[in-house]
Amino acid sequence: MHPFDFSRADSERAALAAGAGGGRYIAGGTTLVDLMRETVERPTSVVDINALPYRQIEVGPAGPRAGALVRMTDLADHAKVREQFPVISQALELSASAQLRNMASIGGNLMQRPRCLSYEFALASAAVALDSQVSVSGRGFRGWS
Amino acid sequence: MDQPPPDQPELPLTELPLTELPLTELPLTELPLTQPPHTDPPLTLNRRTFVGASAVAVGGQVVADSLAACSLLTSEPTVEPGQAVVTLTINGERRQVPVDTRTSLLDLLRKRVGLTATKKGCNQGARGACTILLDGRRVISCLTLAVMHDGAELTTIEGLADGDRLHAACAYPNIVTAVEQTAARA
């Protein structure tokens with residue numbers, strides 16, 4: 001793993017500034033740490049965004065809404081999600097082991113391809129089936145193609 | 001296919017030339033308080049030599065950690081770029097550990113603190129041999145950076161043991177922590 005400076009962002013503004021300066025965001029770390037160890041990713045600055053206020057889950061008439069830092073476990077275990085949108089709970093539980101689901105963030109794993117043959121699903125499949133929307137902040141973002 | 005010839009003769013453990021083993025890169029008086037740069041073990045080591053060398057290296061690490069603990073009592077550690085000091089409660093004991101920012105929680109436990117019951121299986125998150133409880137939740141300790149968890153509470157297999165009695169003849173971190181987390185929820 002290449003050396004890097006580590007910092008924590010305590011606000012969205014600070015996080016966006018650090019990201020614009022070349023910092024890589026880390027939340028659960030389950031993918032980034034692995035890729036950094038293999039030197040596929042070689043950031044010189046890593047910014048911990050876990051203090052940002054994106055941990056809430058709401059289930060309203062339009063459906064569930066989850067912050068980017070919600071962990072897979074928490075969304076899958078949410079009583080209303082499990083009752084009203086079981087496809088989300090099932091997709092998450094078929095994505096990774098319990099230990100990884102305790103760590104992995106929704107924002108970082110929306111498009112995560114399962115890396116192990118024991119797991120065969122991804123949250124993106126459920127999100128597409130439910131016609132979900134993704135809200136993103138940040139400079140230079142040009143939307144999904 | 002023929003096996004390549006061994007690089008060195010197979011010796012029983014008791015006949016290992018201990019004085020020629022790579023003790024540590026530095027003499028004991030110069031042991032670093034912060035983690036040295038990551039280096040891969042030499043590929044020429046066979047398993048038997050590696051086990052012998054590891055035993056000596058672990059001993060060296062214990063001395064290093066003791067020295068680190070002593071110095072922490074007298075002075076605040078200085079933090080260089082790429083270095084950090086994390087404060088953790090590990091198995092109920094509060095510890096301040098200087099680390100390289102690249103250090104995983106697993107390497108902190110095994111190499112810096114000397115708790116080796118948490119195993120390094122694949123170092124990629126697939127096996128779960130490195131599972132620990134982090135603030136009560138079981139996680140893969142090899143896929144998270146120690147520096148991210150300042151102030152956290154960790155429980156390892158050692159912390160779940162009943163004194164010197166482990167849960168089984170061989171304690172599997174992934175299974176034992178799963179039982180423990182489930183029991184704590186109930």
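At a threshold of 4.5 Å between side-chain heavy atoms, the hydrophobic network of Ile, Leu, Val, Met, Phe, Trp and Tyr places A:V81 and A:L110 in one connected group. A continuous path of Ile, Leu, Val, Met, Phe, Trp and Tyr side chains, each step under 4.5 Å between heavy atoms, connects A:I106 with A:V136, placing both in one hydrophobic cluster. Cluster membership for A:M103 and B:L106, using ILVMFWY side-chain heavy atoms within less than 4.5 angstrom, is not shared. Cluster annotation: B:I132 and B:V86 are assigned to the same hydrophobic cluster (Ile/Leu/Val/Met/Phe/Trp/Tyr, side-chain heavy-atom contacts under 4.5 Å, transitive). Under a hydrophobic clustering in which Ile, Leu, Val, Met, Phe, Trp and Tyr are joined whenever their side-chain heavy atoms come within less than 4.5 Å, directly or via other members, A:F6 and A:L35 fall into different clusters.
The minimum heavy-atom distance linking A:N50 with B:M148 is given by the pair ND2-CE, 3.6 Å. Heavy atoms only, all atoms of each residue included: A:D5 and B:P81 are closest at OD1-CB, 4.3 Å. Here the closest heavy-atom approach between residue B:T101 and residue A:F4 is recorded as OG1-O, 3.1 Å. In this structure, B:L143 and A:R37 approach most closely via the heavy-atom pair CD2-NH1, 4.1 Å.
With values rounded to the nearest 0.5 angstrom, A:Q99 atom CD is found 14.0 Å from B:R127 atom CZ. Distance check: B:S104 OG to A:D34 CG gives 11.5 Å after rounding to the nearest 0.5 Å. Residue B:R138 holds its CZ atom at 6.5 Å from CG of A:N102, rounded to the nearest 0.5 Å.
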Check: A:R8 and B:D150: side chain to side chain contact (heavy atoms under 4.5 Å, CB included), yes or no, with the steps?
Finding: CA-CA 11 Å; A:R8 289 181 192 85; B:D150 195 33; 3.8 Å; yes
Next item on the list: Show your working on side chain to side chain contact (heavy atoms under 4.5 Å, CB included) between A:L100 and B:I140 and close with a plain yes or no.
Entry: CA-CA 6 Å; A:L100 287 171; B:I140 297 286; 3.9 Å; yes
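Side-chain contact between A:V33 and B:L145 is present, with heavy atoms from C-beta onward closer than 4.5 Å. Contact of the A:R71 side chain with the B:R137 side chain is registered, since non-hydrogen atoms from C-beta on lie closer than 4.5 Å.
Neither the backbone nor the side chain of A:R101 comes within contact range of chain B; no heavy atoms are under 4.5 Å apart. Contacts of B:T131 with chain A are made by side-chain atoms alone, with heavy-atom separations under 4.5 Å and no backbone atom involved. Only the backbone of A:A27 comes within contact range of chain B, with heavy atoms under 4.5 Å apart.
Side-chain atoms of B:R102 come within 3.5 Å of backbone N or O of A:M1 as a donor-acceptor pair.
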